[in-house]
Amino acid sequence: SSPSITQHAWIKEMKRVSTIWIRSQGSKNFSWQTGFCCLSVSPSNLDKVVKYIANQEEHHGKVTFQDEYRKFLYRHGLEFDEKYVWI
């Protein structure tokens, strides 16, 4: 079946409604970064991803998100330009 909404439209809406909620919780200066990345997860890896998200704050105290993302891109042979990745 074909998608009923583009990834861009879905992310835009998710950012919009989550920003409203986060600001309603007291974080008045919250904002999302400009870009985004969409990745799929195999059902067999779902538990690993849930655990990763749950421990993300602790994990990124040891390895920065930027370093981890670079490693991911290199590991999968994806070309990128640093000046566009961190907008």
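- When hydrophobic clusters are built by joining Ile, Leu, Val, Met, Phe, Trp and Tyr residues whose side-chain heavy atoms come closer than 4.5 Å, directly or via intermediates, Phe36 is grouped together with Ile22.
- For CD of Gln25, the number of neighbouring non-hydrogen atoms (other residues, nucleotides, ligands) closer than 6.0 Å is greater than 12.
- In this structure, Asn55 places its CG atom where more than 12 heavy-atom neighbours from other residues, nucleotides or ligands lie under 6.0 Å away.
- Between Phe80 and Arg70 the shortest side-chain heavy-atom distance falls below 4.5 Å.
- Under a hydrophobic-cluster definition in which Ile, Leu, Val, Met, Phe, Trp and Tyr are linked whenever side-chain heavy atoms come within less than 4.5 Å, directly or via other members, Val63 and Tyr69 are assigned to different clusters.
- Side chain to side chain, Asn45 and Ser42 fail the donor-acceptor criterion of an N or O pair below 3.5 Å.
- Counting non-hydrogen atoms of other residues, nucleotides and ligands closer than 6.0 Å to NZ of Lys15 gives a total above 12.
- Comment: Lys71 does not engage Glu68 in a salt bridge, judged by the lack of any side-chain N to carboxylate O separation of less than 4.0 angstrom.
- Taking the six-membered ring for Trp and thresholds of 30 and 60 degrees, Tyr52 and His59 have ring planes more than 60 degrees apart, a perpendicular arrangement.
- Residues Tyr74 and Phe65 fall within the same hydrophobic cluster, defined by Ile, Leu, Val, Met, Phe, Trp and Tyr side chains chained together at heavy-atom separations under 4.5 Å.
- Heavy-atom minimum distance, Ile5 versus Trp10: CD1-N, 3.8 Å.
- Clustering ILVMFWY residues whenever any of their side-chain heavy atoms sit less than 4.5 angstrom apart, transitively, puts Ile20 in a cluster other than the one holding Phe30.
- When every heavy atom of Val41 is checked against every heavy atom of Val49, the shortest pair comes out as CG1-CG2, 3.6 Å.
- Crowding of Asn29 atom CG: a count of heavy atoms from other residues, nucleotides or ligands under 6.0 Å not exceeding 12.
- Around NE2 of His8, the count of heavy atoms belonging to other residues, nucleotides or ligands within 6.0 Å does not exceed 12.
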